[in-house]
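First the structure, in the form of structure tokens, and then the observations on it.
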Amino acid sequence: MGALKGSIAVRRYAVLDPLPAEPRKRLLKGLRAHAFLPLDPKAEVDRASGWVSILDGDDPDLEPIKVFFLAPGGEHLRVSLRTDILRAPTAEVRRQVRARAQAMEAEEGRRLSRSEQRTLKEEVARTLKLRAFPRVKIIDAVWDLDGKQLWFWSQTKAANDLFIDLFVKSFGLRIEADGPARWARAIGEERALAKLEPTPELWSGFAGVRPLPAAAQDDGEAI
Amino acid sequence: MAAQKGSGKRREPTLKEEIAASGETPVDAAREAERADHEELRFLGREFLTWLVYHADAEGGGFAASGEVAAFAIGFGGRVMLRTATGMVTEVTLGGASPGASPDLRYAIAGGLSVKEADLLLVQDDREYRFALAAEHFDLKRVKLPALLTDEEDDPVDERLSLLAALDAALRLAYARFLALRTRPGWTRTVVPAIRAWLDAGT
């Protein structure tokens with residue numbers, strides 16, 4: 001999902017900690033330590049995640065020129081988070097297991113035991129996995145290094161959890177998702193904010209304007 | 001051990017009675033969810049969007065310039081999603097040419113539904129931004145930026161990101177304006193009654 005082109009759906013994060021000394025060097029080191037590594041189809045692991053160049057999702061070779069960009073507002077670190085998932089297609093595994101199980105049972109004149117069925121399934125899945133193509137997801141991230149703000153081009157929980165985890169592992173810096181609470185703390189006066197409670201009418205309705213559910217009209221306790 | 005009828009022995013306490021006697025408070029899931037949602041000022045997201053509906057319809061939706069942010073106006077687009085307080089599952093989506101001005105929307109707000117996501121139109125100078133804004137994290141969705149004015153030597157990517165940053169800055173200013181109202185006594189004395197009057201007139 002695209003910082004550089006395509007549809008825009010972003011979540012913003014604030015970077016809570018200051019940049020390290022020699023930031024370009026340290027940040028690049030962190031990126032390279034967690035650069036994307038392709039999956040080995042023979043391995044047990046069926047998922048891989050890591051950083052790739054925002055200019056080319058197949059390029060995990062992260063050189064400064066592919067990562068640091070001078071933008072009108074200041075310097076950016078731009079990178080993509082790539083996740084590959086390599087699994088044998090479930091329907092095809094099921095079909096082949098069924099066919100081979102039937103053949104084996106006919107040959108041996110008996111039903112396969114549970115453990116034999118399990119072993120058969122694992123073998124079929126392993127074979128099919130060698131011929132499968134990974135599902136690839138690439139999500140862009142843009143870090144305004146001067147403004148201490150991060151933009152991540154996904155709003156799904158799984159993608160954001162992965163992003164936060166990899167960011168912290170790569171750079172050792174804390175980030176927090178933006179939102180009304182964070183913006184309020186950045187803008188508002190602390191004592192005034194501490195006194196805030198939800199506006200009863202906005203959460204339970206405006207009595208007298210229209211009929212309200214019985215619970216909302218009880219003894220003025222709107223929330 | 002079953003109680004015996006007529007034996008004079010007391011019956012076994014129920015689980016509810018045991019919890020009450022232990023001093024532990026039974027957890028009401030709806031209440032607990034509500035409390036979590038109201039923690040940390042997150043409720044302000046939905047209050048902001050709900051206030052924005054009123055501000056756009058009744059007051060023109062304008063925001064004065066401040067610092068580097070030029071003046072702009074916010075209007076409502078084709079879709080508004082509202083929800084009741086946490087723990088109560090009622091969600092309403094209103095669509096159409098201008099759901100922001102519809103009696104159905106006012107009726108929903110009057111009944112205690114608050115805006116959780118809305119399609120918005122932000123106009124600043126001669127630029128028009130269309131996007132959806134979600135109350136929880138202020139996520140931006142389905143953003144349509146103004147047409148790029150890039151000269152041949154300019155980087156379109158830089159301009160795209162600059163426009164996004166400008167949109168973000170305008171939204172922060174709008175939220176700051178809301179917060180300034182929200183944290184003053186005038187919110188309860190003036191703004192909420194004005195919202196009530198606006199709802200009354202339109203439902």
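To find a chain, count down the sequence lines: A is the first, B the second, and so on, and within it residues start at 1.
A salt bridge between A:Asp58 and A:Arg82 is present, with a side-chain N of the basic residue lying under 4.0 Å from a carboxylate O of the acidic one. Of the charged side-chain nitrogens involved, none lies within less than 4.0 Å of a carboxylate oxygen, so that A:Glu189 and A:Lys195 do not count as a salt-bridged pair. A salt bridge links A:Glu176 to A:Arg185: at least one charged side-chain nitrogen sits closer than 4.0 Å to a carboxylate oxygen.
Environment of CD in A:Glu22: sparse, with no more than 12 heavy atoms of neighbouring residues, nucleotides or ligands closer than 6.0 Å. Remark: A:Lys148 NZ is packed, more than 12 non-hydrogen atoms of other residues, nucleotides or ligands lying under 6.0 Å away. The environment of CZ in A:Arg135 is sparse: at most 12 heavy-atom neighbours from other residues, nucleotides or ligands sit within 6.0 Å.
Residue B:Trp187 touches chain A through its side chain alone, counting heavy-atom pairs closer than 4.5 Å. Both the backbone and the side chain of A:Leu193 come within contact range of chain B, with heavy atoms under 4.5 Å apart. For a residue to count as touching a neighbouring chain, one of its non-hydrogen atoms must lie under 4.5 Å from one of that chain's; by this rule B:Ala132 does not touch chain A. Only the side chain of A:Arg78 comes within contact range of chain B, with heavy atoms under 4.5 Å apart. In this structure, chain A has a heavy atom under 4.5 Å from the side chain of B:Leu179, while its backbone stays farther away. Both the backbone and the side chain of B:Arg182 come within contact range of chain A, each with at least one heavy atom under 4.5 Å from a heavy atom of that chain. There is no contact between B:Leu173 and chain A, counting heavy-atom distances below 4.5 Å. Heavy-atom distances place the backbone of B:Arg142, and not its side chain, under 4.5 Å from chain A.
A:His76 meets the ring pair (Phe, Tyr, Trp, His ring centres under 6.0 Å) test with no other residue; sequence neighbours excluded.
Of the residues considered (B:Thr50, B:Leu113, B:Ile195, B:Val192), B:Val192 shows the highest number of contacts with chain A, using heavy-atom pairs under 4.5 Å. Of the listed residues B:Asp158, B:Leu140, B:Thr183, the one with more heavy-atom pairs under 4.5 angstrom with chain A than any other is B:Leu140.
A:Ser80 and A:Trp51 share no side-chain donor-acceptor pair at under 3.5 Å. A:Gln149 and A:Tyr13 share no side-chain donor-acceptor pair at under 3.5 Å.
Tested against B:His55 for a ring pair (Phe, Tyr, Trp, His ring centres under 6.0 Å), the candidates B:Phe178, B:Phe76, B:Tyr175, B:Phe63 yield a single pass: B:Phe63.
For the pair A:Arg11 and A:Phe152, the cation-pi test (distance below 6.0 Å, angle within 45°) is failed.
Using a 4.5 Å cut-off between non-hydrogen atoms, no part of residues 157-167 of chain A approaches chain B.
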